[in-house]
Protein chains: 2
Amino acid sequence: MPKPGPGLRLIDVAQRAGVSLATASRALSGRDGVSEEVANRVRQVSLEMGYVANPYARTLAGGASSTVGLVVHQVDDPYFSEIAGGVIQLAGEQSLLVQICHSGRDPEQELRQIRSLIAQRVGIIIVAGSGYSDPAVESEARAVLSGYERNGGRLAVIGRHSLSADAVLPDNEAGGRALGEHLIGLGHRHIAVVAGTAALTTVTDRMTGVVAALRAHGLDPEAMPVLHTDFIREGGRVATEAVLRDHPSTTAIIALNDAMAMGVLSSLREHDIAVPARMSVVGFDDVSVAADLAPSLTTVRLPMYEMGRMALDLALKPRAARPRRRRTGHQLIVRDSTGPAPTPH
Amino acid sequence: MPKPGPGLRLIDVAQRAGVSLATASRALSGRDGVSEEVANRVRQVSLEMGYVANPYARTLAGGASSTVGLVVHQVDDPYFSEIAGGVIQLAGEQSLLVQICHSGRDPEQELRQIRSLIAQRVGIIIVAGSGYSDPAVESEARAVLSGYERNGGRLAVIGRHSLSADAVLPDNEAGGRALGEHLIGLGHRHIAVVAGTAALTTVTDRMTGVVAALRAHGLDPEAMPVLHTDFIREGGRVATEAVLRDHPSTTAIIALNDAMAMGVLSSLREHDIAVPARMSVVGFDDVSVAADLAPSLTTVRLPMYEMGRMALDLALKPRAARPRRRRTGHQLIVRDSTGPAPTPH
DNA sequence: TTAGTCTACGCAAGCGCTTTCGGAAGCGCT
DNA sequence: AGCGCTTCCGAAAGCGCTTGCGTAGACTAA
């Protein structure tokens, strides 16, 4: 393992500016107790010499850790990469560094990563990804994180209301309802839901919305096929096979995220089932490629990039007494993957 | 800025194990000079107490910095998110942390980010993204990075041969040639290239391949329209407009990455130009959605995820005397966006 | 036994910074 | 002048760790 290179030390700057180490430190960190004149001189010299404080020393000496830890399921999933993009962008503007790690959709690994970030003494932690309804792991995570906050750590979560922390929450339920309404409005009566992992709160919330839409229109949610597979593209493919096999009367498929919707489309294409002529398909998230799919995907747009920024912004602001929740808007984007229900001839 | 929470110290572990601080340190870091028995006891106690060394103290005291800095254009670009995924995954396996930052396709900002990573004393830096042929910035970057290496920092670059560092290099030229051959084989004689930013070595390399293919078949590269726009989706749209306007005889468009190809497809769709019946389109990279586009995209596959892993792996291995270069394979993936050239009736 | 190795461990000196504390000026007031 | 007060700055004590050095003890060799 390489060592970090040597570098200019504060004492070098101090000597060059003709002041003591302590004064230089105060001048650069903006503490008062230094005359304007001296402070300016020190800042000037430091700039000229290209001095940058050693963050290890600074943090060790009780200073601030300026790195933010970001936990995502997987950064090469467009949903998370857009969130990460937002976080990194805002962090860059604030001269913060972002440490990113994968939870790999595994609650235990997520907990492990969080623990590791805490051990690394990062000052801010952002957890993205829905909560797991695994009570044991979830309550352990809650304990670890609240301990972290008690010690002065800052925390924000994205899309997870199961933690009592500052949170950015997309309105999954309303989004699910909008999708349901849209399809029902097009005359669909046999709707299947490709739901993904049952244990994710994101999934259950979106489901709740879909169910509410059915109820509101006098349809029986109990009769609706709900397929629980992986919350990724492949899960959509597997679920589609099941739908075609076991529920042939289905005329519309709701995938609870775009990744699965892509799997659904790909599977339908293989079966030569025309979308939307014979089958309507909707997704959720509106990842950036949704508009370029074949056919372009009707979906609910979530402002992922903005959500990333909001989460970091929330964590940066002084903490409030009670956890703050910022709800994001959502927007039904109708494209070419949905159409009127085919009339049974 | 929050402070990192307090934590278990090594001295706590040492006392509990009945040894000195120094012995505990040696035991945990696997140094010899400690009896097997004592070492095991210390490790045992440390594990029980859940001790994790304070990385700031460790690094400050001359230990290893276990974080790797990753510079990408933008993490919410699929090409880079897949590379990042590979780096993060391997880093996770090795218990390394990844600090990620955006260069935003701007050489100056990239240099700034690299400087910042160096100032942060990260032990490993991975720079992804093609080089800029801006001689001033590039040579400054070279200087900064070689200084970093001289001080013991580890460096690996992805897709950039302009730096004399360990590098993972996709064979852009051969890939470009494969695309050219493919289209020529289909009978296309009027091929336009949507090239993206002219200053990127990635672009010039891929161009070189395309030109070579034309030459090999007796076609005149000089006659081929080459559009230089931004290396992103929008650039593809802009360039397509220009092609349609200024080069109406064009029957095939080579976009030098998939992002631009998506822009091309979207623009053609708006103009109701059938792909591939009236126009063939190819991309480069094979980002994961390429197969789901409308129509699915013929492209050259680069193993981005693997490239990320390789780069970190390279940086982790002891440095060789001369910079090592690992070439990655490439593979032409023929899909539905290419077909025979339309016969002028 | 005595001298000469080793081995296994503890002491203590830093790494570069922040921060507490105390001292030296400079000020206005009596 | 003398007093207290404020303002500005330097000395020095850590933060938690690694590591060079010294030493006690166990061993071998004469």
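We name chains A, B, ... by the order of the sequence lines, and we start the count at 1 in each one.
- Across all strands shown, the partner of C:dC9 is D:dG22, judged by Watson-Crick or G-U wobble contacts whose two distances both fall under 3.5 Å.
- At whole-Å resolution of the value, CG in A:Asp12 and P in C:dG16 are 9 Å apart.
- At a cut-off of 3.5 angstrom, the base of D:dG10 holds at least one donor-acceptor pair with the side chain of A:Arg26.
- Nearest to the side-chain atoms of B:Arg58 among the listed nucleotides D:dA11, C:dT18, D:dC17 stands D:dC17.
- For the OP1/OP2 pair of D:dC17 and a distance below 4.0 Å, the side-chain nitrogens and oxygens of B:Ser25 include no atom meeting the criterion.
- Using modelled atom types, no side-chain atom of B:Gln99 and backbone atom of B:Val68 make a donor-acceptor pair closer than 3.5 Å.
- Distance from the side chain of A:Arg9 is smallest to C:dC17 among C:dC17, C:dG10, D:dC17.
- Rounded to whole angstrom, the span from the CG atom of B:Asn40 across to the C1' atom of C:dA8 amounts to 15 Å.
- The OH-P distance, from B:Tyr56 to C:dC15, rounds to 21 Å in whole Å.
- At a threshold of 4.0 Å, the pair B:Asp12-B:Arg16 does not count as salt-bridged, since none of the basic side-chain nitrogens sits closer than that to a carboxylate oxygen.
- A:Arg31 comes within 4.0 angstrom of sugar-phosphate atoms only, judged by non-hydrogen atoms across all strands, and of no base.
- Regarding contacts with the backbone of D:dC9, every side-chain N or O of A:Ser20 stays at 4.0 angstrom or more from both OP1 and OP2.
- One N or O on the side chain of B:Arg121 and one on the backbone of B:Ala119 form a donor-acceptor pair closer than 3.5 Å.
- Under the 4.0 Å criterion applied to side-chain N and carboxylate O atoms, B:Glu36 and B:Arg41 are not assigned as salt-bridge partners.
- Among the atoms of the strands shown, only primed sugar atoms or phosphate atoms (P, OP1, OP2) are found under 4.0 Å from some heavy atom of A:Ser35.
- Closest approach to the A:Leu10 side chain among D:dG16, D:dC17, C:dT18 is made by C:dT18 (side chain taken as heavy atoms from C-beta onward).
- Relative to the side chain of B:Asn54, the nucleotides C:dC15, C:dC9, D:dC17 differ in distance, and D:dC17 lies closest.
- By the 4.0 Å N-to-carboxylate-O rule, B:Arg115 lies close enough to B:Glu140 to be salt-bridged with it.
- The side chain of A:Leu60 lies closest to D:dG16 when the candidates are D:dT19, D:dG10, D:dG16.
- For D:dG16, neither phosphate oxygen OP1 nor OP2 lies less than 4.0 angstrom from any side-chain nitrogen or oxygen of B:Tyr51.
- Between A:Gln15 atom CD and C:dG16 atom P there is a gap of 13 Å when expressed in whole angstrom units.
- Taking atom CG of A:Leu28 as the reference point, atom C1' of C:dT18 lies 12 Å away to the nearest angstrom.
- Atom CG of B:Leu21 is separated from atom P of C:dC11 by 10 Å (rounded to the nearest Å).
- Taking atom CD of A:Gln120 as the reference point, atom P of D:dG16 lies 16 Å away to the nearest angstrom.
- Rounded to a whole Å, the CD atom of A:Glu37 is 17 Å from the P atom of D:dT7.
- Within 4.0 Å (heavy atoms only), A:Ala53 reaches sugar-phosphate atoms of the nucleic acid but no base atom.
- Distance alone, capped at 3.5 Å, places no donor-acceptor pair between the B:Tyr56 side chain and the A:Ala61 backbone.
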